[in-house]
Amino acid sequence: MKIEEYLKAVEEKIKFWIDELGDEYISEIFSSIKSGKMVRSQLMFLISKDEKMVALSAVIELIHLASLLHDDVIDDAEQRRGVPSVHATEGSKVSIMLGDILYSKAFVELGSYSETIIKDIANGVVKLSMGEIADVNLSKEFNSDENLYLNMIYNKTASLIEVACRVSAIHSGKDGVKFGEYGKWLGMAFQIIDDILDIVSTSEELGKPAMNDFIEGKTTLPYIYLYKEAPHLREKVKSFHLKTLSEDEQEWIKEQFEESGSLEKAMDLAIEFSEKAIKNLEKENGELLDIVQNLIERKK
Ligand code: FPP
Ligand code: MG
C-alpha cells in the first residue's frame with residue numbers, strides 16, 4: 001500500500017465513523033473541515049508499514065481534530081487550514097461539542113485495543129490538555145522563560161506525536177521506546193518550526209493570519225531569544241505583546257529578529273531536536289528520515 005492510499009483510507013474510515021452517527025448536520029459540518037497534512041498518520045504508517053494501522057491512525061486523527069476544534073474556540077481563530085473555522089461558521093458552542101463528539105467517538109473505537117495502547121493514548125490527551133492550559137496561562141503575560149515554553153510545547157504538540165509513533169510501533173511489534181523518542185523530538189522540532197513560520201511566512205502560505213502568535217499573547221521561542229539577546233529592546237518588545245501591530249511595527253520586529261540572530265537560534269534548536277529524533281532510527285527507516293528533512297525545509 002502506498003502512503004497516499006493509506007491516508008485516503010484513514011480519511012474514509014473517519015468519514016464512515018462520523019456518518020455512522022446518523023446525524024446529517026454533524027456529517028455536513030464535519031465535511032466542511034479541510035484535511036491537513038495528516039503528519040501523525042504518515043508517521044504511523046511509515047513506522048508500522050502495516051495497513052492494519054488505518055483504524056488506529058483514524059483514532060489519533062480524530063483526537064487531533066477535536067483538539068483543533070477546541071483550540072480555535074480558545075484562540076478565537078476565524079480560519080483553519082485556509083478556510084473559515086467551525087468556530088467562525090457555526091459558533092463556539094458547536095465547535096466545542098463537535099470536538100467532544102469526535103473525541104468521544106475516537107475513544108469508542110479505541111476500546112477494542114489493548115490496555116497499554118488505550119492508556120498511552122488517554123495519557124497523551126491528558127498531556128495535550130495540560131499543554132493547552134499552560135499555553136493559555138503563559139499567554140497572559142510576556143514569558144521569557146525558555147523552559148516553560150519547551151515544557152508547554154512538549155505537552156501541547158509533541159506528546160500526541162510521541163504517542164502516535166509509540167503505539168504504532170507497539171501495535172506492529174516494533175520498538176515502542178525508540179519510535180516514541182523519535183516522535184517526541186520530531187514533535188518538539190515541528191512546533192518550534194511552526195512558531196518560526198508564524199513570523200517568516202505570509203498569511204496565504206499559512207492559511208491563517210501571519211505574525212499572529214504574539215498578538216494572541218504567545219511568546220514563542222524567537223521572541224524569548226530576542227528578549228535574551230537584545231536587552232536594550234526588552235521594553236519595546238514587551239510593549240508589543242498582545243497588541244495588533246501596524247505594518248511598520250511588524251517590519252521593525254522582523255528586522256530585530258534578523259539582527260539579533262534569534263530566528264536562527266530558534267532554528268538551531270529545532271535542528272538539534274530533529275537530530276535527536278534521527279538518532280532513534282535505523283538504516284531501513286529512510287522515509288522517517290525524509291519526514292524530518294522535509295520538516296526542517298518546510299515553508300508552511
Ligand atoms: C494548536 O496550537 C493546538 C494544539 C496542538 C492542541 C490543543 C489541545 C487542546 C485544545 C486540548 C484538547 C482536548 C481534547 C479533549 C481533545 P496552536 O494554537 O499553537 O496552533 P494553531 O496556530 O494551529 O492554532
Ligand atoms: Mg490555535
Side-chain angles (χ1 to χ4, degrees), residues 14 33-40 58-88 92 95-110 118 121-140 143 148-164 183-184 186-203 205-224 242 266 298 300:
I14 295 175
I33 300 174
K34 216 173 145 191
S35 308
K37 297 181 282 288
M38 302 177 80
V39 175
R40 294 154 192 81
V59 164
I60 296 283
E61 292 295 340
L62 273 178
I63 294 171
H64 174 59
L65 264 177
S67 79
L68 295 182
L69 286 166
H70 287 180
D71 180 69
D72 284 342
V73 174
I74 293 166
D75 289 344
D76 205 9
E78 296 289 311
Q79 272 192 312
R80 170 65 65 186
R81 296 171 179 163
V83 298
S85 60
V86 173
H87 164 63
S92 57
S95 193
I96 291 171
M97 288 178 298
L98 182 63
D100 291 343
I101 291 169
L102 302 191
Y103 172 70
S104 307
K105 183 66 176 152
F107 271 76
V108 169
E109 301 300 332
L110 184 60
I118 296 174
I121 294 181
N123 269 321
V125 184
V126 172
K127 285 188 183 165
L128 188 70
S129 307
M130 286 165 68
E132 186 78 349
I133 289 190
D135 197 16
V136 167
N137 285 337
L138 284 176
S139 301
K140 289 179 183 159
N143 168 50
L148 288 179
Y149 164 86
L150 292 175
N151 197 28
M152 180 275 289
I153 66 164
Y154 166 64
N155 282 324
K156 183 180 80 165
T157 308
S159 64
L160 192 63
I161 300 180
E162 175 185 13
V163 163
K184 173 182 169 177
L186 178 86
M188 295 296 286
F190 181 83
Q191 186 60 50
I192 293 175
I193 290 173
D194 221 56
D195 292 346
I196 293 173
L197 291 179
D198 171 86
I199 296 164
V200 301
S201 297
T202 62
S203 303
E205 283 169 326
L206 294 172
K208 60 187 179 188
M211 288 286 278
N212 198 47
D213 284 345
F214 207 49
I215 297 172
E216 286 181 355
K218 296 177 185 181
T219 316
T220 57
L221 199 55
Y223 291 92
I224 295 174
L242 279 166
R298 85 191 166 115
K300 55 187 177 176

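When reading the values below, keep in mind they use all heavy atoms of this one structure, side chains included, and skip hydrogens, waters and symmetry mates. Read the numbers this way: they start at 1 and go in the same order the structure lists the ligands and their atoms.
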Distance-only donor-acceptor check, side chains [X] and [Y], under 3.5 Å:
X    : Y    : answer
D75  : H87  : no
Y223 : K218 : no
Y154 : Q191 : no

Do any nitrogen or oxygen atoms of [X] lie less than 3.5 angstrom from nitrogen or oxygen atoms of ligand 1?
X    : answer
D75  : yes
K218 : yes
K156 : yes

Measure the distance from [atom] to every protein heavy atom, then report the residue, atom name and distance (to 0.1 Å) of the closest one.
atom                    : answer
atom 12 (C) of ligand 1 : S67 CB, 3.6 Å
atom 7 (C) of ligand 1  : E132 OE1, 3.2 Å
atom 20 (O) of ligand 1 : D71 OD2, 4.2 Å
atom 13 (C) of ligand 1 : S129 OG, 3.4 Å
atom 23 (O) of ligand 1 : R80 NH1, 2.7 Å

Quick check on contacts: which atoms of ligand 1 are under 4.0 angstrom from a heavy atom of H70?
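Those qualifying, in numeric order: 10 (C).
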Residue-ligand contact K208/ligand 1, heavy atom below 4.0 Å
yes
Check whether any heavy atom of A77 sits under 4.0 Å from an atom of ligand 1.
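So A77 does not count as touching ligand 1.
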Keeping R81 on the side-chain end and K34 on the backbone end, is there a donor-acceptor pair under 3.5 Å?
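Yes; at least one donor-acceptor contact below 3.5 Å.
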Between the main-chain N or O of N143 and the side-chain N or O of T219, is there a donor-acceptor pair closer than 3.5 Å?
yes
Closer than 2.8 Å to the Mg ion (ligand 2) - protein N, O or S atoms, ordered by chain and residue number
D71 OD2, D75 OD2
